[in-house]
Structure formats: C-alpha cells, structure tokens
Amino acid sequence: MRVKTFRIACIPGDGIGKEVIPAGQQVLQALGQHQPTLRFAFTQFDWGGDWYRAHGAMMPDDGLEALRGHDAILFGSAGDPDIADHVTLWGLRLKICQGFDQYANVRPIRILPGIDAPLKRCTPAQLNWVIVRENSEGEYAGIGGRVHQGHPTEVATDVSILTRTGVERIMRYAFGLAQSRPRKRLTVVTKSNAQRHAMVMWDEIAQQISSEFPDVQWDKELVDAATARMVNRPESLDTMVATNLHADILSDLAAALGGSLGIAPTGNIDPERRYPSMFEPIHGSAFDIMGKGWANPIGTFWSCVMMLEHLGEPLAAGRIMQAIEQVTGNPALHTRDLGGQATTAQVTEAVCDALQAQGQM
Ligand code: NAD
Ligand code: MN
C-alpha cells in the first residue's frame, strides 16, 4: 500500500480565519483516517495581524522561501480591526499570490442541498458557475502613488495595467476550464465601452484565444450588465472570466446568490505548477462574528475540495464534497449566516462524522 503524504502550509491569518482553518485541518485529518493511503503533514504559520504587532510586518521577508517546499497552502483571511486593510492585504495574501504567480483565481459556486438561496425563481441546477479572476495585474497591479498629502493639490493614482502575456494566459486558462465542464460555455466579462484601451485589448485577445477552443461556446458581457444577468438569467451562465476588480465584485455577488459568503471557496492557482497554489474561503476576517464560534466553515471545506482536486486526488475531493452536501442538507446543521444556530465546531464534527460513515476506501 503506497501512502501519499501531502505537505500543507496552513496560514490561518486573522479573525475567523483562526477558526475555520483548524476546522479544515480537522476534516482533512478525518479524511486521512478513513483513506489510509492519504496523509497530510501540516506546517503552521502564525502570520497576520498578531505577527505584525510583534514584528512590524505581516510575514517575514523570507516567508515565501518557507512556503515553497509545500504541496499547497491553506489560507484563512488577512484583515485586522487595528491595522489598515491595504497593509494587511498587501503584506500577506497578495504577497503570496504575486510572489508565487498564482495568476488564476478560481471561484466555483452552486446552491448546495438544503440551502435557501435568495433567488426564488432559480433551481440549484440553474446556478452552477465558476468565476475565473485574473489574479496578477489589472486594477490591483499595485502601480500608483500619492503626493502632496493633505494639501489641496493632493493627487493619488491606482493605475490599472493589462499585459498581452497576462491576458493571454488567463483567457487560455478560462477557455480550458470552460471546455472541461459539461456545458462548455464561457462568458468574457468586459467594460470595453468605457475603458477604451486595455479592455479593448482584453476583448481582442479573447477572440484570438477562442480559436484554440472551437468547441467552447462563448459570449461577451459588460460587467454592469453581468450583475443583472446573474440575477435574472443565472442559467445562461457557466464559466466566466473577468479582470481582478470585476471578478472580485462578481464573485461576492455569486457567493451571496449561492446562499452565503460563508460557503464559497477559492483557489489561487499557478497553472504551470512552478509554485504551491493557495486555497482559501472567499470571505474575510468577519470582525462582527470573530471569537463567537459562529463562523461557517463550509467555504474552507470546499476550498479543501479544490485543493485535493488540484493535487490530483479527485476521489478524496469527492468524498469531502459529498460529506459537505450531506451536512448542508440538514438545516439543523446550518450556521447563523444560513439562518440556523449551529456552531463552527458542530458543523465540523458533522462533516467528519459523514466522512466516517462513508467507510474505509
Ligand atoms: P467579510 O467577508 O469578513 O464579512 C462580510 C460579512 O459576511 C460579515 O457580516 C461577516 O460576518 C459575514 N461572513 C463572512 N464570512 C462568514 C462565515 N464564514 N460565516 C458566517 N458569516 C460570515 O468581509 P469584510 O467585512 O468586508 O472584511 C473584514 C476584513 O476582512 C477586512 O479587514 C478585509 O480587508 C478582510 N478581507 C480579507 C479577505 C482575504 O484575506 N481574502 C477577503 C475579504 C476581506
Ligand atoms: Mn474580495
């Protein structure tokens, strides 16, 4: 019997990240117990707001080196009530995403069994999307500056840049992902009416890359119209690709339409596998509920599913997804964001029990 051990770097970060990441580890351990060929070796990294208070930085300068030898990274959230959001975000999460060139941010969403999603005219079969977010440039390229602070002459810029290389690689990834899904359908989200340089190039490159994927049916939608289409005609969408800012917004909307920000997962993927990819729930630190034990851990569990798929373990991924769906199917196991009363610990235990009930593999 060959035992495979995956080395997973765990960065709980801040707020409810510290509650949901240990829950994710517990579920992965439970999976390992019932699937003896699979083992997880976790390394803990206590980076984030507390580390900032102690060291003046969110993570050490050589932090990427410490992560590099791992097969994947499981990340909670960066965001602390006492530290500016742009400091926590750029000092940790974006440092890893950019340092490891995780240029594809992948965000699936569907309405899980038992969940009362807000779109009353929509069946679960009609909302089954993956949003591909360009994760390395665009509006979040980090280019810009601020001068004459506090004076009437103050100027500040955030310059959005798109490169041909960056757009080609994300389009190729998105068309490939669309091709791998049953409906083979891609919507390219754009804003080339108002943004007449970079977004026009974005559209042209989409057109060019589409010729490599003749079996993918694709269309274009302006980002503002895309929000309305997500609400009014959810079944007309399958895979979407959008710039960093556009997809950031659309994916929070998608998560809410799926029932809660607390269930949606993310993969920050380096498709070329030069570096470890990073998996995280879509939500942030949730200051309003941290420390209460109310955080919904499903977004983290689903992120673990994505991690296992990325690591080439589709059977194990399927087992966790099945356990998740069994648990969401029972309203007594819903956390408050889903209208229930269950705690993080109760949901976690229920998922571990469901894994156990599936028996040995
Ligand atoms: P948030 O996602 O933390 O919270 C938004 C709302 O959703 C809150 O009411 C919260 O209670 C609820 N919520 C989120 N996750 C939940 C869960 N698992 N279970 C139950 N309810 C949940 O977003 P925010 O309030 O805009 O940001 C708070 C902090 O988190 C900020 O510092 C922000 O910068 C940071 N943030 C970090 C990331 C990240 O690291 N990836 C992402 C988003 C926000
Ligand atoms: Mn976001």
Side-chain angles (χ1 to χ4, degrees), residues 10-24 45 47-52 58-59 73-98 102 105-107 109 112 115 118 131-135 138-140 242-268 278-304 324 327-328 333-348 351:
C10 295
I11 311 175
D14 303 320
I16 62 166
K18 289 185 194 161
E19 301 166 42
V20 292
I21 295 307
F45 295 92
W47 302 339
D50 294 336
W51 215 86
Y52 184 92
M58 292 291 286
M59 65 185 272
I73 304 165
L74 192 56
F75 185 82
S77 164
D80 185 293
D82 301 326
I83 308 169
D85 281 343
H86 67 274
V87 172
T88 53
L89 185 66
W90 279 96
L92 186 56
R93 187 174 165 274
L94 290 183
K95 202 165 164 176
I96 298 169
C97 289
Q98 298 210 338
Q102 295 161 342
N105 178 287
V106 181
R107 303 186 153 184
I109 190 71
L112 299 180
I115 288 184
I131 298 180
V132 176
R133 167 178 173 184
E134 201 296 314
N135 211 28
E139 306 87 346
Y140 299 171
T243 62
N244 216 328
L245 169 68
H246 291 167
D248 187 6
I249 297 167
L250 293 182
S251 57
D252 269 30
L253 173 62
L257 295 177
S260 170
L261 215 52
I263 61 171
T266 306
N268 299 283
M278 179 160 75
F279 300 85
E280 54 168 348
I282 192 174
H283 63 75
S285 306
F287 305 144
D288 52 338
I289 60 162
M290 64 184 182
K292 295 199 161 87
W294 295 350
N296 190 343
I298 299 289
T300 298
F301 301 160
W302 196 344
S303 301
C304 292
I324 290 173
V327 167
T328 62
L333 292 168
H334 286 182
T335 44
R336 281 159 206 261
D337 54 309
L338 296 173
Q341 292 289 323
T343 62
T344 313
Q346 285 166 337
V347 177
T348 306
V351 170

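In each ligand, atom 1 is the first atom listed, and ligand 1 is the first ligand listed.
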### Task
Would you sort out whether R336 and I289 count as a side-chain contact (heavy atoms from CB on, under 4.5 Å), showing the intermediate values?
CA-CA 10 Å; R336 281 159 206 261; I289 60 162; over 6 Å; no
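- Proximity of E280 to ligand 1, defined as any heavy-atom pair under 4.0 Å, is confined to the side chain (atoms from C-beta onward).
- Here the rule is side chain to side chain contact (heavy atoms under 4.5 Å, CB included) with L92, and of F45, W51, F75 only F75 fits it.
- Regarding atom 6 (C) of ligand 1, its nearest protein heavy-atom neighbour is L261 CD2, 4.4 Å.
- Only the side chain of I16 comes within contact range of ligand 1, with a heavy atom under 4.0 Å; no backbone atom does.
- Put simply, the side chain of R133 does not reach to within 4.5 Å of the side chain of T266, judged on heavy atoms.
- The shortest separation from a heavy atom of A295 to ligand 1 is under 4.0 Å, placing the residue in contact.
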### Y140 vs T243, side-chain contact (heavy atoms from CB on, under 4.5 Å): CA-CA, chis, key distance, verdict
CA-CA 9 Å; Y140 299 171; T243 62; over 6 Å; no
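- Listed by number with element, the atoms of ligand 1 under 4.0 angstrom from any heavy atom of G79 are 32 (O).
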### Task
Could you please spell out the steps behind the side-chain contact (heavy atoms from CB on, under 4.5 Å) verdict for E139 and H246?
CA-CA 9 Å; E139 306 87 346; H246 291 167; 4.1 Å; yes
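- Between the CG atom in L253 and the CG atom in L261 there is a gap of 11.0 Å [rounded to 0.5 Å].
- Ligand 1 has an N or O atom lying under 3.5 Å from an N or O atom of S285, backbone or side chain.
- In this structure the side chain of I109 never reaches within 4.5 angstrom of the side chain of L257, judged on heavy atoms.
- Closest to atom 13 (N) of ligand 1, if we only count protein heavy atoms, is A286 CB, 4.1 Å.
- A78 O, 3.4 Å is the protein heavy atom nearest to atom 35 (C) of ligand 1.
- The shortest side-chain heavy-atom distance between M58 and D14 falls under the 4.5 Å cut-off.
- Each of T328, V20, T335 was checked for a side chain to side chain contact (heavy atoms under 4.5 Å, CB included) with V347, and the lone residue meeting it is T335.
- Nearest N/O/S atom of D248 with respect to the Mn ion (ligand 2) is recorded as OD1.
- Of the inter-residue distances, the one linking H283 atom NE2 with I16 atom CD1 reads 4.0 Å to the nearest 0.5 angstrom.
- Residue side and main chain included, D252 places no N/O/S atom under 2.8 Å of the Mn ion (ligand 2).
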### Message
Checking I324 against I298 for the side-chain contact (heavy atoms from CB on, under 4.5 Å) test, could you report, in this order, the C-alpha distance in whole Å, the side-chain angles of both residues, the deciding distance, and whether it holds?
### Response
CA-CA 7 Å; I324 290 173; I298 299 289; 3.8 Å; yes
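- Closest protein heavy atom to atom 22 (C) of ligand 1: I289 CD1, 4.0 Å.
- Nearest protein neighbour of atom 19 (N) of ligand 1, counting heavy atoms only, is N296 N, 2.8 Å.
- For atom 11 (O) of ligand 1, the nearest protein heavy atom lies under 4.0 Å away.
- Between G284 and ligand 1, at least one pair of N/O atoms sits closer than 3.5 Å.
- Here the heavy atom of the protein found nearest to atom 9 (O) of ligand 1 is D288 OD2, 2.7 Å.
- Put simply, CG on D248 and CZ on R107 are 6.0 Å apart, with the number rounded to the nearest 0.5 Å.
- For atom 1 (P) of ligand 1, a protein non-hydrogen atom is found at a distance below 4.0 Å.
- For atom 14 (C) of ligand 1, the closest heavy atom belonging to the protein is H283 CB, 3.6 Å.
- Protein heavy atom at the shortest distance from atom 39 (C) of ligand 1 is R93 CD, 3.8 Å.
- Protein heavy atoms are found inside the 4.0 Å sphere centred on atom 30 (O) of ligand 1.
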